[in-house]
Every structure is written in structure tokens, then in C-alpha cells.
Amino acid sequence: MHPIRLSIPSFRSENSSVEKGFTVFKIDVLVNGRLHSVEKRYSEFHALHKMLKKSIKPPEIPSKHVRNWVPKVLEQRRHGLELYLQTVIMENEVLPKIFLDFLNVRHFPSVPKTESCGKLSHQPVVVYLRDPYLLPSALDTFSNVVIEGVVDGVFYPDFQPR
């Protein structure tokens, strides 16, 4: 499960004198407890879909062509695009960089921390096959009086020295 959640809560129509009208969808993105919003046109969703097809098998995207721009139809498109983005998140263990860039998400861990714990880079410096303090070597002609005293005191508190 990714620590990323999203929804498309709203949309608005834009009219421009330079180009014909278009719809902008507001995407709320929640990553690790931080919420931000991005606004995207359908053409940007379509471009994302084409790019994702190069690296993953994305879900179907809602149709590019809409017959009329009535609110009910736009609401269906909003819901379809929201489902599209959520499905990409659910079906991919590692999210493609192009997808994260589309959502303006930075510094997103590609591997969850719990999975990376098994790949520690440090190595042990000293390894004992047996505890040298409790079981001195038979070759050791000089025993360590201090360690013997501590061990005797901890493990045999009622022991009386000779």
C-alpha cells in the first residue's frame, strides 16, 4: 500500500479568446500526511496515459471525446479520471517517475522502509563463535581473575572464595 492518496474533488470550465473552452480538474494529493493540489486538463491526462504505456500497463482512460459539456457528463469524466489515477496507484508497487511528476510529488520512496531493512550495508567487525569471557580457551594459561570474579559474583552470589 502506497503512502499516497488522491481524489479529484472538483472541476471548472475555462474559456479563452485564444482557444476553445476546456475543463480543468483539481487533483488533491495526500502524501505522508501532506496535502497539495494540482490542476490538470484532460489533454494532460491523455499525455500521461501515453507515457505510462511505455513502462506499465495502465488502466483504461475515459474517452477523449465528449459529445456535450453538460455538468453531468463532466462529473462522469471527473469520476473516471479519479478512478484511473487511483487504479494506477493500486496496481503498481513502484510508481513510475512520470506519474509522480504529473502529481507534483517529490522525494517519494520507491521502496517501502520495511522492505529495505534486509539490505543493510554494514558488516560485523568481530564475530565470536563462543563467548571468550565465559568459556576461556584451553590454551589460555593465564586466566582473567577480574572476569572470573564478576562471573562468579553474578551467577554464583552465594559462592565463597577458597
Side-chain angles (χ1 to χ4, degrees), residues 1-135 147 150-151 154-155:
M1 183 74 96
H2 291 286
I4 183 170
R5 303 271 183 275
L6 61 82
S7 66
I8 302 178
S10 62
F11 58 87
R12 70 176 194 284
S13 296
E14 290 283 326
N15 293 314
S16 168
S17 58
V18 178
E19 58 184 322
K20 79 177 190 183
F22 56 89
T23 304
V24 177
F25 297 90
K26 179 185 175 195
I27 308 168
D28 285 344
V29 184
L30 181 67
V31 182
N32 295 327
R34 292 186 175 180
L35 178 69
H36 72 275
S37 298
V38 291
E39 292 187 334
K40 301 288 182 179
R41 295 173 58 171
Y42 179 85
S43 59
E44 294 173 282
F45 280 91
H46 189 69
L48 170 70
H49 183 71
K50 288 169 66 174
M51 295 295 289
L52 287 176
K53 284 166 74 171
K54 295 177 182 178
S55 60
I56 64 170
K57 186 178 186 297
E60 290 295 317
I61 191 165
S63 175
K64 184 173 185 174
H65 302 289
V66 177
R67 291 186 188 171
N68 54 14
W69 297 96
V70 296
K72 183 177 180 181
V73 173
L74 291 175
E75 175 58 28
Q76 289 174 340
R77 179 175 263 194
R78 180 208 64 78
H79 183 332
L81 292 172
E82 182 179 76
L83 187 62
Y84 173 81
L85 294 176
Q86 290 172 345
T87 303
V88 169
I89 291 171
M90 287 181 358
E91 291 182 353
N92 294 282
E93 191 172 323
V94 176
L95 297 173
K97 184 178 182 321
I98 188 77
F99 183 77
L100 297 173
D101 289 345
F102 178 82
L103 298 174
N104 288 344
V105 173
R106 303 286 186 262
H107 309 294
F108 187 77
S110 60
V111 178
K113 289 183 179 181
T114 55
E115 291 179 17
S116 65
C117 290
K119 302 172 186 166
L120 298 176
S121 60
H122 70 276
Q123 297 294 318
V125 177
V126 177
V127 177
Y128 292 109
L129 298 179
R130 59 180 180 74
D131 190 334
Y133 299 108
L134 295 178
L135 301 172
I147 292 185
V150 170
V151 169
V154 170
F155 292 105

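Side chain of E44 to backbone of R41: a donor-acceptor contact under 3.5 angstrom is found. In terms of modelled atom types and a separation under 3.5 Å, the side chain of R12 and the main chain of F25 share no donor-acceptor contact. Y42 places a side-chain N or O within 3.5 Å of a backbone atom of P62 that can act as its donor or acceptor partner. The backbone N or O of I8 sits less than 3.5 Å from a side-chain atom of E82, completing a donor-acceptor pair.
Atoms CD and OG, on Q76 and S63 in that order, are 11.5 Å from each other to the nearest 0.5 Å. Expressed to the nearest 0.5 Å, how far CG of L81 lies from OG1 of T23 amounts to 10.0 Å. Atom CG of L48 sits about 11.5 Å away from atom OG of S43, to the nearest 0.5 Å. Atoms CZ and CD1, from R5 and I89 in turn, are 8.5 Å apart once rounded to the nearest 0.5 Å. Here L103 contributes atom CG and S37 contributes atom OG; the two are 11.0 Å apart, rounded to the nearest 0.5 Å. Note that the CG atom of L74 and the OG atom of S10 stand 12.0 Å from one another [nearest 0.5 Å].
Between V105 and L95, the closest side-chain pair of non-hydrogen atoms is not below 4.5 Å. Counting only heavy atoms from C-beta outward, the side chains of L6 and L30 never approach each other to under 4.5 Å. Put simply, the side chain of H36 reaches to within 4.5 Å of the side chain of V38, judged on heavy atoms. Considering only heavy atoms from C-beta on, P96 comes within 4.5 Å of L52 through its side chain.
In this structure, K40 satisfies the cation-pi test against F102, with its NZ or CZ atom closer than 6.0 Å to the six-membered ring centre and inside 45 degrees of the ring normal. Because its NZ or CZ atom is not both nearer than 6.0 Å to the ring centre of F11 and within 45° of the ring axis, R77 does not count as a cation-pi partner of that residue.
Partner of L85 under the side chain to side chain contact (heavy atoms under 4.5 Å, CB included) criterion, out of V29, I27, I61, I4: I27 alone.
Around the NE2 atom of H79, the shell of radius 6.0 Å holds no more than 12 heavy atoms that belong to other residues, nucleotides or ligands.
Closest approach of Y84 and P58 over heavy atoms only: OH-CB, 3.8 Å. The two residues V24 and E14 have their closest heavy-atom pair at CG2-CG, 3.7 Å. Between P9 and K26, the shortest heavy-atom contact is CD-O, 3.1 Å. The minimum heavy-atom distance linking N92 with V88 is given by the pair ND2-O, 2.7 Å.
A salt bridge links R78 with E75: at least one charged nitrogen is closer than 4.0 Å to a carboxylate oxygen.
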